[in-house]
Amino acid sequence: NYINAFVGRLTRALKDAQEQHEIRSIPLDHLAFILIGSIVLYFSINFEPLKNVKSEELANRHAKWVLEVILNGITA
């Protein structure tokens, strides 16, 4: 199962970032699934990228907004 390997790698990367004080100490299972859920849902809905938009560009745009919300919140 590839998703288990992905979750494991993501969780380790998040743990390392927390230990380096690069990100807040949020329970890793919650943080990993927030990120994974966002990715899976976004690309399930946007399975076919818009014309003239590469899937890598779509992924980068989404990652930018996920990080923006996680790092800076949604309040004005």
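Note that the structure is predicted; figures quoted are calculated from it, not measured.
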Query - Hphob cluster co-occupancy, Trp65 + Leu10, side-chain heavy atoms under 4.5 angstrom - result: no
Report task. Check for a donor-acceptor pair, side chain of Ser38 on one end and backbone N or O of Ile34 on the other, with a separation under 3.5 Å. Result -> no
Side chain to side chain, [X] and [Y], heavy atoms closer than 4.5 Å:
{"X": "Leu31", "Y": "Arg24", "answer": "no"}
{"X": "Leu35", "Y": "Leu14", "answer": "yes"}
{"X": "Val66", "Y": "His62", "answer": "yes"}

Report summary line: When rounded to the nearest 0.5 Å, the distance separating CD1 of Ile39 from CZ of Phe33 is 12.0 Å
Report task. Enter the distance from Ile23:CD1 to Gln18:CD here, rounded to the nearest 0.5 Å. Result -> 4.5 Å
Requested in this report: With side chain to side chain contact (heavy atoms under 4.5 Å, CB included) as the test, would you mind laying out the steps for Asp16 and Glu22 before giving the verdict?
Outcome: CA-CA 9 Å; Asp16 289 346; Glu22 295 171 348; over 6 Å; no
Query raised in the report: Got a sec, which residues hit side-chain hydrogen bond (donor to acceptor under 3.5 Å, both in side chains) with Glu68, two or more places apart in sequence or on another chain?
Result: Asn72
Query raised in the report: Listed by chain and number, what are the salt bridge (charged side-chain N to carboxylate O under 4.0 Å, His left out) partners of Glu56, not counting sequence neighbours?
Result: none
